[in-house]
Amino acid sequence: MICLLEEMRKQRLEEIKSLREMGINPYPYRYDKEFSSAEIREKYDPVLKAGEVLENEKVSTAGRVMSIRDHGKSAFFHLKDQDGRIQAYIRKNSVGAEKYELFKKYVNVGDILGIKGFPFKSKTGELTIFVEDFEILSKAIRPLPEKWHGLKDKEVIYRQRYVDMIANDESLDKFKTRYKIIRMIREFLNGKGFIEVETPTLVYVTGGAEARPFITHLNVFDIDMYLRIATELYLKRYIVGGFEKVYELGKVFRNEGISYKHSPEFTSLELYWAYADYEDIMNLTEELIEFVVRNTLGTTKVNYQGVEIDFSRPFRRVKMRDFIREKLGVDILEDPDEKMLEVLKKNGVDVPIKSRGHLINKLWDLVEEGVVQPTFLLEHPVDISPLAKRHREDPRVTERFELIIYGREIANAFSELNDPVDQYQRFLDQMKLREAGDEEAQMMDRDFVRALEYGMPPTGGLGIGIDRLVMFLTDSQTIRDVIAFPLVNPKSLDEEIDYGGEEG
RNA sequence: GACCCGGUAGCUCAGCAGGUAGAGCACCUGACUUUUAAUCAGGGGGCCGCGGGUUCGAAUCCCGCCCGGGUCACCA
């Protein structure tokens, strides 16, 4: 009747009780961790030969016990910390009989331990800490996944990421890389004089992208509000207000489907640069991406799902019109809708006659997978770019680009529309679509139009999907693998927890 | 939303000509002072995802549902 997990937990809870009776706090307050596993390795690995001992060097470290190899009157074990793993060696005659008994009886795989001792190298040459004293820093009451195979169950990996991080070193490393990427982005932009700002997450109207929003309620004014779907319109208000280089790194929320490249909550970088146009933004984007990749991975050549992607500048630049004409023999500016429809049908895509923009998007879908190396796709038709300025030389297209890598859109940028009258008209067009039932059409943002009426300088803007970028740099197949705590179905976990009497 | 694959011990997995459940790791007891998937001896542990059906008998066959993964569609 009683399952094994409960038996194990009960056993651990009994041990904790015994420890307390002996006057040992199984959850003490602090520990002087002088060195991380990596710092110890860095310092002593090069200077020690197999079998050598540095008895006068004293070090302390701490981490989670990942394995124990018990030899009776001595034992080897590994500690894992944020930087890696380090082996330790404990011996009855080095810590005393009483302390050694404590280790044997009360220390288990999964516990957090602090150790003090000196470094040496074992016969086989592994750097090891010879333990002279140790302290239990936290007793675990649940067992860890298997030490050899790790945790494989995707469901547990996503629902209990902390277990994944404990059991699978690659998982911890992946998230460390994610935050290094984000640090590099900040470093680059701060170095260029950009100022990191914040905009509201709770908004009265959504804008800056086409997506269905999450709706929430504000009690104090008794109104419905939305979670932002982009940071764009507020960042441009900063530009109106007098900021010239701003960026925001933050979560945006879109109430849409989940796929390997879509998450309802994801991280975006948006930046706006006054007096710049999309050419300037393109150059900045190239430089930013190369900087981030090089400083995160130490190279610009990245293996993604078995394909080498080279992030070194310059990126290829192709006009959307030329690319589609070359691949499909259809001109998205000159040819009539019927011709485009015919080409789509020939390629097995049967679409109802909708807008011209819809047909253009479908044509692009046919060819985008062929774009593997970082490529700027330029000058999208006005029909599919409601937020971008018309091109100064060809009013049928816009001053816009997308960065395509491995067939995926990583960035989107324009010379920003700053004509308030034009902007107002485009909002009106969006509202018509909305009234016709298009839930993703943009909402009228009168305050934003009012801001533009005060005058916004010519401005270039850029948006980057950070999660998708991280996927490339961590060779991750799905966006969930780069989001530490992804959205999961909250099936009820009516697991009753028994802490055994007065415990807890 | 459609189709395909999966759910068995804490973990990784086997078992599916229908006969009432196994291994390794982990855990407990014992031996062992340089191991590293340590080794050796012994032991405990299962609502076989949930519900229904067929059958003398179901982890195994059938139906429905839940959860997860994948492909496609939808969506940017």
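Chain identifiers are assigned alphabetically (A, B, ...) following the order of the sequence lines, protein sequences preceding nucleic acid strands; residue numbering begins at 1 within each chain.
- Not a single ring pair (Phe, Tyr, Trp, His ring centres under 6.0 Å) links F414(A) to another residue, sequence neighbours left out.
- Nucleotides C48(B) and A58(B) have their C1' atoms positioned 11 Å apart, rounded to a whole Å.
- If you check every strand for non-hydrogen atoms under 4.0 Å, G51(A) touches nothing.
- Classification of R178(A) and D467(A) as a salt-bridged pair holds, one side-chain N sitting under 4.0 Å from a carboxylate O.
- K99(A) places a side-chain N or O within 3.5 Å of a backbone atom of F134(A) that can act as its donor or acceptor partner.
- S37(A) and D81(A) are linked by a side-chain donor-acceptor pair at a separation below 3.5 angstrom, with hydrogens and angles left out of the test.
- For the pair I479(A) CD1 and C75(B) C1', the interatomic distance rounds to 14 Å; values are reported in whole Å.
- Base orientation of A38(B): anti, the glycosidic angle falling outside 90° of 0.
- Listed nucleotides U12(B), U35(B), C75(B) differ in distance to E256(A); the shortest reach to its side chain belongs to C75(B).
- The side chain of K152(A) lies closest to C13(B), out of G10(B), C13(B), C74(B).
- A salt bridge is absent between D83(A) and R41(A): the closest approach of a Lys/Arg side-chain nitrogen to an acidic carboxylate oxygen does not fall below 4.0 angstrom.
- Side chain of L151(A), nearest nucleotide from U12(B), U35(B), G70(B): U12(B).
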Kindly give the atom pairs (protein nitrogen or oxygen, nucleotide nitrogen or oxygen) under 3.5 Å for nucleotides 25-27 of chain B.
residue : atom : partner : partner atom : Å
C25(B)  : O3'  : K147(A) : NZ           : 3.3
A26(B)  : OP1  : K147(A) : NZ           : 2.7
C27(B)  : O3'  : Q11(A)  : NE2          : 3.3
C27(B)  : O3'  : R12(A)  : NH2          : 3.1
C27(B)  : O2'  : Q11(A)  : NE2          : 2.9

Test side chain to side chain donor-acceptor pair (under 3.5 Å) on Y158(A) and D481(A); report intermediate values, then the result. CA-CA 8 Å; Y158(A) 294 137; D481(A) 289 335; 2.8 Å; yes
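- Salt-bridge annotation for K236(A) and E416(A): present, with a side-chain N of the basic residue lying under 4.0 Å from a carboxylate O of the acidic one.
- You'll find that the side chain of K154(A) is closest to G69(B), out of G69(B), C11(B), U34(B).
- Look at CZ on F120(A): it is 10 Å from P on U34(B), rounded to the nearest Å.
- Listed nucleotides: U34(B), C32(B), C67(B). Nearest to the side chain of E155(A): C67(B).
- The same atom, P, is picked in C47(B) and in C56(B); the two are 29 Å apart, to the nearest Å.
- Judged by distance alone with a 3.5 Å cut-off, no donor-acceptor contact links the side chain of E126(A) to the base of U35(B).
- Counting non-hydrogen atoms under 4.0 angstrom, D365(A) reaches a base of the nucleic acid.
- Between the side chains of E132(A) and S94(A), no donor N or O sits under 3.5 Å from an acceptor N or O.
- The P atoms of G46(B) and G10(B) are separated by 8 Å, rounded to the nearest whole Å.
- With RNA chain B read from its 5' end, the first of the two nearest nucleotides for Q477(A) and R91(A) is the one closest to R91(A).
- Side-chain contact, E126(A) with H78(A): a donor N or O sits under 3.5 Å from an acceptor N or O.
- Remark: C1' of U35(B) and CG of L127(A) are 15 Å apart, rounded to the nearest angstrom.
- Rounded to an integer number of Å, the gap from E6(A) CD to G46(B) P is 10 Å.
- Taking atom P on both A38(B) and C25(B), the two are 9 Å apart, rounded to the nearest angstrom.
- Spacing of P atoms, U8(B) relative to U54(B), comes out at 27 Å, to the nearest Å.
- Comparing G69(B), G10(B), U33(B) against the side chain of S74(A) picks out U33(B) as the nearest.
- Counting non-hydrogen atoms under 4.0 angstrom, R212(A) reaches nothing in the nucleic acid.
- Among the protein residues, S94(A) comes within range of no part of the nucleic acid, since none of its heavy atoms lies under 4.0 Å from any strand.
- G7(B) and U12(B) are spaced 12 Å apart, taking the P atom of each and rounding to whole Å.
- When rounded to the nearest whole Å, the span between CD of Q160(A) and C1' of C67(B) equals 14 Å.
- Distances from the side chain of R159(A) to the nucleotides G68(B), U33(B), C75(B) place G68(B) closest.
- Neither side chain, R228(A) nor T206(A), offers a donor N or O lying under 3.5 Å from an acceptor on the other.
- Taking atom OH of Y260(A) as the reference point, atom P of C75(B) lies 15 Å away to the nearest angstrom.
- The nearest whole Å value for the distance from the CG atom in L487(A) to the P atom in G68(B) is 10 Å.
- Electrostatic pairing of K105(A) and E15(A) does not count as a salt bridge here, judged by no charged N lying under 4.0 Å from a carboxylate O.
- A gap of 39 Å separates the C1' atoms of G57(B) and U71(B), to the nearest Å.
- The side chain of N93(A) lies closest to U33(B) when the candidates are G69(B), C13(B), U33(B).
- Here the C1' atom of nucleotide U33(B) and the CZ atom of F103(A) are 13 Å apart, to the nearest Å.
- Map K123(A) and S67(A) each onto its nearest nucleotide of RNA chain B; the residue landing nearer the 5' end is K123(A).
- Out of C32(B), U34(B), G10(B), the shortest distance to the side chain of L5(A) is found at G10(B).
- The side chain of R69(A) contributes an N or O atom lying less than 4.0 Å from OP1 or OP2 of A38(B).
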For RNA chain B, what dot-bracket results from Watson-Crick or G-U pairs at under 3.5 Å, with [ ] for crossers and | for inter-strand partners? (((((((..((((.....[..)))).(((((.......))))).....(((((..]....))))))))))))....
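- On the P atoms, G15(B) is 12 Å away from G6(B), given to the nearest whole Å.
- A salt bridge links D164(A) with R161(A): the closest approach of a Lys/Arg side-chain nitrogen to an acidic carboxylate oxygen falls below 4.0 angstrom.
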